[in-house]
2 protein chains.
Amino acid sequence: MISFTEENYLKALLRISFDSGETGVGTNELAMNLGVKPATANDMLKRLRDKALVDFEKYKKITLTIAGKKIATEVIRKHRLWETFLYEKLEFSWDEVHDVAEQLEHIQSTKLIDKLEKFLDYPAFDPHGDPIPSKGGELTKQFRKTLLDIPVGQLCKMVAVKDNSSAFLQYVVKVGLGINNEIYVQSRQEYDALMVIEVNGVASSVSEKFAENIYVV
Amino acid sequence: MISFTEENYLKALLRISFDSGETGVGTNELAMNLGVKPATANDMLKRLRDKALVDFEKYKKITLTIAGKKIATEVIRKHRLWETFLYEKLEFSWDEVHDVAEQLEHIQSTKLIDKLEKFLDYPAFDPHGDPIPSKGGELTKQFRKTLLDIPVGQLCKMVAVKDNSSAFLQYVVKVGLGINNEIYVQSRQEYDALMVIEVNGVASSVSEKFAENIYVV
DNA sequence: TAAATTTGTTAGGTTAATCTAACTTAATTA
DNA sequence: TAATTAAGTTAGATTAACCTAACAAATTTA
């Protein structure tokens, strides 16, 4: 049996390597991501290696094994299905779903998640626009432009966010932004990439960090 | 913060004292109920006492404090709401809901459970016929007859079960019984209370233990 | 390339939740 | 009521998941 904590380590490994585009993940990077000390992560990695869920040699980068990747993908699948449930059926707002889904993703019941998926009518994307892996499927990579890639004077539409923290999401809401909203790029400062955008007729200044976390088409 | 395990201890204490009709619960009884050794339960009880969730003196019976009872009731509320969700929305069968609800009941989010309750349209009873406590409410005692109380030659209707284990529930299903089914009591053995009952035209022999776990009207 | 910095590991310790084995107190029964 | 049995407790161990402090390896930079 696999514990909540182990599932979280595997999920973090998959997400980090997916986001960075590289196969291997470093111990410190992983630890920081999970909010634990490197020593703790190192201990856990040894246990995950014993269970044949990660490949990991002393002082080298960590990669998931096939088995580890499968579990991690399944956790992400559950997370995104639960987010969809909370958003569509329980009227949770867009920025509230993540934290509750962090808990729900660890419920162990294949039947539950399959039935939930059916109940939601097999959704392909979660409320943040991220793709939901199918049963036994893979996490698919999609080409995604961020607000940072949009030139001045152009109009685009927000489809998802990269950062799922509620701190960020609440900021997004404050700027008046939501899924499928149109964004007009008014201007951009060369020096620090500070942009002025217009959403529903209201102009706001946003930082580079903000812009690179907004996916658009 | 309260752990899953602590919640389970509190829930068991409430359920045992509720079922037995007595205020105090013994250490061994509690331990047996939770599938742990008395020594383990004893350790935990000390911790729960430190947190002011139980009243407990050496060699004496255990009782819940107001705070402890409140948490326990809330866990039972969550459990029963989740059971209702699984049964009504996800097409789980009657005997499958319990085990998954055991996990779901520990999800920490007031908003989640309130929204779930609304989504289910404020149900008063779970799929086993047990009453669902309202928000901040109490576990209500209902007078309940069991199949054991029905005299020979009388017809009754099953409304709930006492034992929620899937072993028992699967047995119930095998006998052809379900919620709201009519039961006719054909005969009863004086010696061991073995009864012959008829459900939907099919006769079966059931033990005393079986009969006392079936609630009827 | 040698020094400095970053990254990763080890050793030893803590807490929650479990156990076994030995013991004590309470309750039952002869 | 004394002896037996049942119920409850304590002591000492274990495992998972975390920590700090000290150390080692790898990488970067001067």
Practice item. Looking at every strand, decide which applies to A:Lys60 at a 4.0 Å heavy-atom threshold: base, sugar-phosphate, or nothing. Key: nothing
Check your understanding: Could A:Lys118 and B:Glu91 be called an ion pair, given the rule that one side-chain N must be under 4.0 Å from one carboxylate O?
Key -> yes
Review point. Is it true that the NZ or CZ of A:Lys89 lies under 6.0 Å from the centre of B:Phe119's six-membered ring and within 45 degrees of the ring axis?
Key: no
Exercise for review: With heavy atoms under 4.0 Å as the rule, sort A:Thr27 into base, sugar-phosphate or nothing.
Suggested key: sugar-phosphate
Check your understanding: Are OP1 or OP2 of D:dT9 and a side-chain N or O of B:Lys46 less than 4.0 angstrom apart?
Key -> no
Practice item. Ignoring the backbone of B:Phe56, work out which of D:dC18, C:dT10, D:dT9 is nearest its side chain. Key: D:dT9
Check your understanding: Is any side-chain N or O of B:Lys37 closer than 4.0 Å to OP1 or OP2 of C:dT20?
Key -> yes
Exercise for review: Grab the CD1-P distance between A:Ile62 and C:dG8 for me, whole Å please.
Suggested key: 7 Å
**Study point:** Between D:dA7 (P) and B:Leu30 (CG): distance, integer Å
**Key:** 14 Å
Practice item. May I ask you to evaluate whether A:Tyr9 reaches the phosphate of D:dC18, defined as a side-chain N or O under 4.0 Å from OP1 or OP2? Key: yes
Revision key, fill the gap. Closest to the 5' end of DNA chain D, once A:Tyr59 and A:Ala41 are matched to their nearest nucleotides, is A:Ala41
Point to revise | Phosphate OP1/OP2 of D:dA16: any A:Thr5 side-chain N/O under 4.0 Å | key: no
**Study point:** Ionic contact status for A:Lys209 with A:Asp192, cut-off 4.0 Å
**Key:** no
Review point. Could you state the CD-C1' distance from B:Glu6 to C:dA16, rounded to the nearest angstrom?
Key: 9 Å
Review point. In whole angstroms, how far is the C1' atom of D:dA7 from the CD atom of B:Glu57?
Key: 17 Å
Practice item. Calculate the interatomic distance between B:Arg49 atom CZ and D:dG8 atom P; express it in whole Å. Key: 14 Å
Exercise for review: Would you mind reading off the distance between B:Leu45 atom CG and D:dT10 atom C1', rounded to a whole angstrom?
Suggested key: 15 Å
Point to revise | A:Glu29 CD to C:dG8 C1', straight-line distance once rounded to whole Å | key: 13 Å
Review point. Would a 4.5 Å heavy-atom cut-off, applied to side chains only, mark A:Leu112 and B:Phe92 as touching?
Key: yes
**Study point:** Rounded distance (Å) that lies between atom P of D:dA26 and atom NZ of A:Lys58
**Key:** 10 Å
Revision key, fill the gap. Checking D:dA7, C:dC19, C:dT9 against the side chain of B:Asp43 (C-beta onward), the nearest is C:dC19
Practice item. Find which nucleotide of DNA chain C each of B:Ala39 and B:Met44 is nearest to by heavy atoms, and output the residue with the more 5' nucleotide. Key: B:Met44
Practice item. Report yes if a side-chain nitrogen or oxygen of B:Ser3 is closer than 4.0 Å to either non-bridging phosphate oxygen (OP1 or OP2) of C:dA16; otherwise report no. Key: no
Exercise for review: Kindly say if B:Asn42 contacts the phosphate of D:dT9, meaning a side-chain N or O under 4.0 Å from OP1 or OP2.
Suggested key: yes
Exercise for review: Give a yes or no on whether a salt bridge exists between B:Arg80 and B:Glu83, defined as a side-chain N under 4.0 angstrom from a carboxylate O.
Suggested key: no
